[in-house]
Protein chains: 2
Amino acid sequence: MPRVSEEHLAARRRQIVEAARRCFLREGFHRTTMQDVIAEAGLSVGAVYRYFPSKASLISAIAEETIGGAEEVLDELARQDPPLPLDKALEYALAYMENQAGDEGMLRIAIQVWGEAQRDPALGEFAASRYTKLRGHFEVLVRRAQEAGELPADADPAAVAAALFGLLPGWFLQRIITGGPDVATYLSGVRVLFGRQR
Amino acid sequence: MPRVSEEHLAARRRQIVEAARRCFLREGFHRTTMQDVIAEAGLSVGAVYRYFPSKASLISAIAEETIGGAEEVLDELARQDPPLPLDKALEYALAYMENQAGDEGMLRIAIQVWGEAQRDPALGEFAASRYTKLRGHFEVLVRRAQEAGELPADADPAAVAAALFGLLPGWFLQRIITGGPDVATYLSGVRVLFGRQR
DNA sequence: CTCCAAAACGAATGCTCGTTCTTTTATGCG
DNA sequence: CGCATAAAAGAACGAGCATTCGTTTTGGAG
């Protein structure tokens with residue numbers, strides 16, 4: 001099997017990442033063994049190690065997928081023209097979160113990444129930069145809301161973005177840990193706090 | 001050393017828990033070994049296993065401490081008379097969080113507990129019930145705010161409480177992962193979203 | 001059709017770690 | 001003062017794990 005097509009290589013890689021995702025979802029990073037991932041992928045030790053030199057590299061790949069999904073959504077959100085009012089934007093973002101909060105969703109993995117990021121410096125830096133970028137998308141929205149007169153012009157966009165952004169993990173943590181409120185209920189609570197139109 | 005005093009037993013237990021806390025903070029649950037905790041406590045294997053029958057039980061004890069700290073604060077918050085306006089209450093709660101968000105703080109451990117709670121059913125149920133209780137304290141505050149006319153009487157107190165509560169992890173996650181905004185900045189953003197007085 | 005290198009395989013390795021268990025120490029009571 | 005016993009010690013065990021590496025398979029170039 002020499003020099004196989006690029007597509008073949010990419011497909012194998014996906015096959016392994018998907019297997020890892022299922023395993024990590026089921027058992028968490030530390031309880032899933034390489035053997036678990038290998039068996040789930042239906043491959044051999046050697047095959048998997050050809051694509052990922054270590055378990056940590058597999059975890060990184062999964063972290064990338066997790067954050068990448070949210071990034072796509074928030075990126076599109078920030079691009080909407082005309083810009084969505086902030087509460088609609090929040091609704092849009094939370095709709096994605098609700099999708100990913102189930103047993104199969106990426107958010108359970110995101111929570112594990114946070115834990116891991118605290119002790120794996122490489123993952124820590126990666127997470128820091130990507131989450132900062134994520135928040136940046138909200139900052140764009142806030143600026144546009146200011147231009148539209150929806151928010152006071154003298155407000156600090158970064159601060160408002162941080163508050164809005166915080167409402168996302170604020171929701172799905174409660175959802176995943178406590179079985180908390182659904183998005184509609186949560187949003188109704190947010191809107192009450194927001195005064196009225198915002 | 002038979003039948004030693006209650007205080008001695010309690011002190012030994014604390015000694016072990018404190019050692020574990022330091023280790024877990026430094027290396028996370030999975031990278032700290034029992035040997036690490038034992039060495040940090042300056043005790044022997046046998047001594048530690050007399051107080052905690054397993055590593056999981058040590059993790060549970062730490063989880064208890066972590067959540068217990070927040071519980072005390074929010075409990076007191078809900079009892080304040082006259083009740084604090086919601087933004088002041090948030091400020092109060094966030095002040096505690098800021099205290100615990102540093103390298104030595106319990107919030108880093110809380111994040112690990114979330115990951116663990118997803119795969120250890122006992123810890124999962126424990127976290128679910130305790131976090132629900134935590135949110136309940138905010139619900140009390142919301143009801144009182146409604147009585148004071150600070151919020152519309154027809155709002156769902158549980159929903160508003162969830163939104164407020166979500167702002168806490170929303171802050172310290174950003175802080176710990178991305179080095180995010182300090183509490184004052186975050187609060188300023190929250191207040192902008194809140195319209196004005198709320 | 002041949003041949004070779006890339007790809008896949010999987011047995012073996014070596015280490016780490018949680019836990020057990022036997023032995024030693026030390027305390028308070030009689 | 002010494003005995004009974006709780007507490008502490010720490011050597012040893014055994015399972016589980018990530019990773020290595022020598023071997024086998026296989027696709028495609030010539």
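Chain letters run A, B, ... following the sequence lines, proteins first and then strands; every chain starts at 1. The figures here come from the full heavy-atom set of this structure, side chains too, leaving out hydrogens, waters and symmetry mates. Treat the numbers as computed from the prediction; the structure is a model and nothing was measured.
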Considering only side-chain heavy atoms of [X], which listed nucleotide, [options], is closest?
| X | options | value |
| --- | --- | --- |
| Ala47(A) | dT19(D), dA7(D), dA8(C) | dA8(C) |
| Val45(A) | dA7(C), dA8(D), dT19(D) | dT19(D) |
| Tyr49(A) | dA9(D), dG18(C), dT19(D) | dT19(D) |

Gap between atoms [atom1] and [atom2], on [X] and [N] respectively (whole Å):
| X | N | atom1 | atom2 | value |
| --- | --- | --- | --- | --- |
| Gln35(A) | dA12(C) | CD | P | 14 Å |
| His30(A) | dA18(D) | NE2 | C1' | 14 Å |
| Leu9(B) | dA7(D) | CG | C1' | 9 Å |
| Leu43(B) | dG10(D) | CG | P | 10 Å |
| Glu6(B) | dA7(D) | CD | C1' | 14 Å |
| Glu27(B) | dC17(C) | CD | C1' | 15 Å |
| Met34(B) | dT19(C) | CE | C1' | 9 Å |
| Arg50(B) | dT19(C) | CZ | P | 16 Å |

Reckon [X] has a side-chain N or O less than 4.0 Å from the OP1 or OP2 of [N]?
| X | N | result |
| --- | --- | --- |
| Arg12(B) | dA8(D) | yes |
| Arg31(A) | dC17(D) | no |
| His8(B) | dA8(D) | yes |
| Tyr51(A) | dA8(C) | yes |
| Ser44(B) | dA9(D) | yes |

Using a heavy-atom cut-off of under 4.0 Å over every strand shown, decide if Phe52(B) touches base, sugar-phosphate, or nothing.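 Since no nucleic acid heavy atom lies under 4.0 Å of Phe52(B), the category is nothing.
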Using a cut-off of 4.0 Å on non-hydrogen atoms, how would the nucleic acid contact of Leu58(B) be classed: base, sugar-phosphate, or nothing?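 Touches nothing.
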Pick the nucleotide of DNA chain D nearest each of Thr32(A) and Gly46(A); which residue has the one closer to the 5' end?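 It is Thr32(A) whose nearest nucleotide is closer to the 5' end.
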Between Tyr51(B) (side chain) and Val17(B) (backbone), is there a donor-acceptor pair under 3.5 Å?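 No, Tyr51(B) side chain to Val17(B) backbone: no donor-acceptor pair under 3.5 Å.
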Mind checking whether Phe165(B) and Phe138(B) have parallel, tilted or perpendicular rings, split at 30° and 60°?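 Rings of Phe165(B) and Phe138(B): tilted, 30 to 60°.
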Residues Arg143(A) and Gln146(A): side-chain donor-acceptor under 3.5 angstrom: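 Side-chain D/A pair, Arg143(A) to Gln146(A): absent.
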Is a donor from one side chain sitting under 3.5 angstrom from an acceptor on the other, for Glu116(A) and His30(B)?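 No pair is found: no donor N or O on one side chain lies under 3.5 Å from an acceptor on the other.
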Would you call Asp81(B)-Arg144(B) a salt bridge at under 4.0 Å N-O?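 So Asp81(B) pairs with Arg144(B) through a salt bridge.
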